Every structure is written in C-alpha cells, then in structure tokens.
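Here's the structure we're looking at; comments come further down.
For clarity, every value in this text was computed on a predicted model and none was experimentally measured. Each chain gets a letter, A, B and so on, in the order the sequences are listed, and its residues count up from 1.
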Amino acid sequence: MTVATFEASAPFHIPRWLAPFVVLSFAYIAVPFIGTNYLFEAILLPFLALSLAGVGLNILTGYAGQVSLGSAAFLAVGAFAAYNFNLRIEGLPLIGSIILSGFVAAAIGIVFGLPSLRLKGFYLAVSTLAAQFFVQWALTKFSWFSNDSASGVIDAPSLSIAGIAFNGAVGRYIFSLTIVSLLTFFAYRLVSSQTGRNFIAVRDNETAARIIGVPVLKTKLIAFAISSFIIGVAGVLWAFTYLRTVEPAGFNLDRSFQILFIIILGGLASIRGAFFGAALLVVSPLILSRLGSFLFGDLFNSGVLDMSQRIVLGALIILFLILEPDGLVSLWDRIRKRSVARLNKRKHVGRAAQPTQ
Amino acid sequence: MNSMNRVLGGPATAYFPADIAAERQGLGEPVKPLSAAQDTALGLDGISLSFGGVVALDNIDLAVRRGEIRAIIGPNGAGKSSLINIISGVYRPDRGRITIGADRFTSVPTQKLARLGIARTFQNLALFKGLSVIDNVISGRAYKVRSTFLAQVLGLSGSRREEADARGRAARILEFLNLNHVSNRLAGTLPYGLQKRVELARALVAEPAILLLDEPMAGMTASEKAEMAEFILAANREYNTTIVLIEHDIGVVMELSDRIAVLDYGRKIADGTPEEIRADQGVIDAYLGVAAENIDGGGI
Ligand SMILES: Nc1ncnc2c1ncn2[C@@H]1O[C@H](COP(=O)(O)OP(=O)(O)OP(=O)(O)O)[C@@H](O)[C@H]1O
Ligand SMILES: [Mg+2]
C-alpha cells in the first residue's frame, strides 16, 4: 500500500522556468511600487550592474576556466565607448550606443585574450592585468575619450528609448533590469549550448577537449569576446544608470577584484551565482555600516568602515573557499532540495494516513 | 577469442543504428582484411622519442591493419602510452613518421584527430568532471558541430538538428554501455569503473575508424573487465572499428587481440599473433615469465 501511495502522489517538483518568472514578475511589478529611492539608488542599481558583470566574468572564468583580473577595464571600455558613441554619432539611438560599446569591449577582450592561447592559470591572470593597466592609462592619458573634461570625468546622457525617458530612479531601474534580464537569458542559453559545453571541456581538460575536436583556441576567444561584451554593457549600466558620473580611476584593480569575488562567493560556473554574489557584495557593506554605527556610534567613521569592510570581505572569502567552495548558489540549492524533500515527505505521510477505499 | 563470442549477441545490435552500418558497408571496407599494405589503417615508421635523457621509444615500426584489434603490451615504463600519445599528437616524435589512412605526418595535428577518424581514451581519466555523463558523451561529437554560437543561442534549426542528432547518438551509446541510469550525474561523481566506461562512450560516439584504448580495464573488478571486453569486441565487430589496445591483463589481451606488439624499454621486442607471442622466448624472458604468476596484471 505504501508503495502505491508513493507512486500515486506525484513528487512535488518545481518547473525550471518558475523561479525566474516569479522573480522577474516581482522585480517588474511589485518593486517599482514598494521600493524607496534609497533601495533603487544604493542597492538595486549597483546590484544589477555588478550582477551583469559577474555573469560576464563567470562565462570566462567560471565556465571556460580562464582567470581574468581585467574586468574593470572592460567595464570602463563599455562606459567610455557608449559615452563617446552617444556624444559623437548624431542620431544614434541610445540602445545603438550600448550595443556598439559591447562590441568595442568584445574586440578589446579578444586582443587581451590572445595570451590565453599560450598561458594558463596564474600566468594568464597576470597577463590580464595588462588590460587593466593599459585601459586605465589610455583613458586618463587621452582626454579625447572624456571629451576633454577635467580628470577624465564623464556625465551620463539622458536615458531614453523610443521617446520614453528613463531618468528617474525607477526608470533607470527598469532600464537596467531589462538589459540585465536580456543578457542573462542570452548567457543562460549560451552556457547550455554546445559552445557552453566546449567552455567546460576546455576548462576541465584541455588536451582531451582538443582530441575530441573542440576548437580550443576559437572557444577561448569566443569566451573572451562574449564575456567582455557583457562586462562592457555592465559598465554602461554602472556609469549611466547607477553613478551617472564616472572617471577612469573608478575602474581600478579593486573593482576587478570585486567582480572576481562576486563569482567566487556566488558560485563559479553558475549564472544565478553572479546574482547571489553581487547581492552579498552590495548589501553586506550597508549592513556593516548600520551595525557599526549602531554598536560603536561615532567611533565607527568612514575610515574604520572601509577597513572593516575589507576585513569582513576577506574573511568571507576565506570562509567560503574552505566551507562552501561552490558558493552561495550551492548552499541555496542544498537548502531548497532539503525543503522540497521535506514537503514531499509530509505530502506522502498525509496521503498514507488517509484511510483506503 | 572464442569464449568472448558467446557473450556478445544482444546489446551490440541495438547499439549501432542500421544507417551507420549501411554507410560503413557502402565504403566497401572488407570485414577483416588479411594482409596487403593498403589495408594498413595506421602505420608508424622509425618512431623515436626521448625525454631529456630517458629514451621512451627507440625506432619503433608498427602497422595496424584495418579492422583488427592490435594490442600493445610491455612492462611499466616500456613506452606504450607514449606511443598512443604520439599517434594522437599529444607528443611530437623526435624522429619517424606516422601514417593515418592516406596521410603521412611527422607529428599528428591533435585538433584534426577526430576528423582523421581517430578517438582515444586515457590511462588516467580525462573526463570533463563538470559536465553530466550525457554531456560528456555529446561533446564527443564536437568535431561535427558546424553551427555558430549565435545560431545555438538563438536556437536556429540547423543547430537544433545538430544538437538533437548528437543527443540521440549519445543516448544510444549510453544505453549500449549500460550507462543510462547515470546519464544525468556529473561525470566526476561516478565510481572509477563507470568513469572509464563513460570515456569509452565519449570515444565511441565519434564513430571513429580507429580507437586507441590506453588501459581501459585498469583498476576494474573481474566482472567489470569482462563487460568492458565485450564492449570492445562489439565496437570492433559492429562498427568495424580498428582498435589499438594497451592492457596489462595478459589473459584479456590474448583473448581479444588479433596481433600483439611487445615493448620493452622503448624497443619493440616482438610482434605477432597471440600464439606466436606466447611462444616467444624473448617475450617470456622479458615479460610473460613474470606475468605467468600475475595473470591479472596485479604485479606488473
Ligand atoms: N611527459 C613525460 N615527461 C617525462 N618523461 C615521460 C613523459 N611521459 C613518459 N615519460 C617517460 O617515458 C617512459 C615511457 O613512459 P610511458 O608512459 O609511455 O610508459 P607505459 O608503457 O605507458 O607505462 P605504464 O604501463 O606504467 O603506463 C617512462 O620512462 C616515462 O617516465
Ligand atoms: Mg601507460
């Protein structure tokens, strides 16, 4: 009887599209109404831009196994390219500038990806630093990139698509959310395609991949190009929807590390992981500063805050690398699996308890 | 060999789709050629390789006939794996030539290996640990992929057809190798014996003309070995796949192979049918004498 009951009650199962659907509905419909200005400006806008950057880096590092410390360079390329396309090409719609800036970042990504054809791991990571320093240097050195403004500062243009303006906090949030959703969907399709399998094959065993006919060099360059494209667009969002005023110095090595930490904490080779990691990185400093000023009052000034943030972040990373190397996303999956199992058990027990006809 | 014939039968027929079998026969390949140079699927001429001072291979000649199971045996460090690594382009020989079908190489271009009709497995597992079993096997069709990443992301019909075709073939191979119950597991989480089998599946799905197997049964239990031997024989019979087999288990080797080459310290000391090898005094002295007491290869 027990067996029959087990088969009769279909196990509680969550369809794959449900979670993204619920999250997106909530993000589009509920959040604009319940969100405060602070929520958009200090949390959601940086969260979206950093998540997208994390998705981009995860394609390169998490899936294709090519470690990069140059993410901030590609953020900067995206931001400055979009600024210049928008400024210098008459009549180019904003969305056109954004797409073109992605292509510029992709092209530069391919150039700085070329060392990956010979270098691996640590050596490759060091070579990507070249991108980091070169881009920052070029943007500071040639004031043309910032339209000759003082110290290379650029201001975001007004955001409008097809005559609809997205300049308020909610508008910029919807704008950013839409681009992030589209590119995330693209990334999801990519990593579950044959090309995505090739990424993992190259990462897990390059020799075996080459032997079965994976075009290893091409695969690496595709990973660099797509990753840089996505990070470039994330840079546009960072500059145009979040900060509104940026300078090259804002895209320094710290920012590159921040994005690397996002995917390590969130989970390597996981699209969702980038969002988990970005959420943690955006929210934890805010919590820390609240907690600090609550506990220590005025003693907890910005210098102390900055230092304690670094310490907490460092500790978190060490903790994760030891206890949860697959990141927040695997923690989340375990919790979810356990609760689904519990639900199924309860359902089963409930049915079994009923009298049989 | 005869005792192996019995165990075949069943699964082998389900494994190879009729269209492929027909395609192969259409090529007019003789089922089991007996001699003649043009029946050579794979040839090595005067191959030498050394690592620093260590001579791994010394002037090796080897001919592999189309459709045969060719074993390479020899003690540890004899140079067996090095030989397979040279055939698959992982190592570049210091001297000598490699003939694959009609092509001659001084070093084999690895990235073209699959298109040349060669697939291989590795002595040390070389699966993609982060991919599921079925995705590992599907990736064995990578050399056939024509669609661009954009076509794949957009799900254009050509790429969808490719994907469905590869998935179908992978599923059939998994079924044949009794692996379908693990097809969605991450490859890295499987026990060793199964991982070895997944590697065979990944190689077979490419439908290679020549299959190089580097110790496919190492570390397996007796029953796992017997099963693996069946699969190898089936691949040879049904696909007419030429097989180069490195194996320490002399019993299995004698049973499976048509011809055996014996390496010792990088030199080929004997080459012939199992009967000839068994009777060869040089081989007995260098290798089989020890093996007689270790028929399972445990001591070698
Ligand atoms: N990549 C390498 N670098 C240096 N030496 C190597 C390398 N590969 C093989 N060798 C050396 O070449 C010789 C032959 O090694 P090989 O792996 O071909 O032997 P084998 O017959 O496959 O042995 P086993 O039965 O242990 O697998 C050994 O002395 C080995 O140490
Ligand atoms: Mg070996």
- Message: Take a 6.0 Å sphere around OH of Tyr123(A) and say whether it holds more than 12 heavy atoms from other residues, nucleotides or ligands.
- Response: no
- Task: Check each atom of Arg160(B) against the heavy atoms of chain A and say whether the ones under 4.5 Å are side chain, backbone, both or neither.
- Result: neither
- Tell me, side chain or backbone of Ala269(A) under 4.5 Å from chain B's heavy atoms, or both, or neither? neither
- Contacting region of Ala206(B) [heavy-atom separation from chain A under 4.5 Å]: neither
- Residue part contacting chain A, namely of Leu150(B), when any heavy atom lies under 4.5 Å: side chain
- Task: Determine whether more than 12 heavy atoms belonging to other residues, nucleotides or ligands lie under 6.0 Å from atom CZ of Phe122(A).
- Result: no
- Query: Side chain, backbone, both or neither: which part of Ile226(A) has a heavy atom under 4.5 Å from chain B?
  - Reply: side chain
- Shortest non-hydrogen separation from Ala208(A) to Arg202(B) and the atoms involved: CB-NH2, 3.9 Å
- Query: Based on non-hydrogen pairs under 4.5 Å, which of Leu190(A), Val214(A), Val191(A) is most in contact with chain B?
  - Reply: Leu190(A)
- Message: Less than 4.5 Å apart, side chain to side chain, heavy atoms only: is that true for Val90(B) and Ile211(A)?
- Response: yes
- Query: Are any non-hydrogen side-chain atoms of Arg197(A) and Leu131(B) less than 4.5 angstrom apart?
  - Reply: yes
- Query: Quick one: what part of Gln111(B) sits under 4.5 Å from any heavy atom of chain A, side chain, backbone, both or neither?
  - Reply: both
- Which of Phe122(B), Phe128(B), Tyr143(B) touches chain A most, by non-hydrogen pairs under 4.5 Å: Phe128(B)
- Minimum heavy-atom distance Ser193(A)-Gln152(B), with the two atoms named: OG-OE1, 3.2 Å
- Message: Determine whether a donor-acceptor pair (N or O, by modelled atom type, separation under 3.5 Å) exists between the side chain of Gln194(A) and the backbone of Ser139(B).
- Response: no
- Measuring from Arg141(B):CZ to Ile212(A):CD1, what's the distance to the nearest 0.5 Å? 11.5 Å
- Query: So, Asp204(A) side chain and Lys129(B) main chain: donor-acceptor pair closer than 3.5 Å or not?
  - Reply: yes
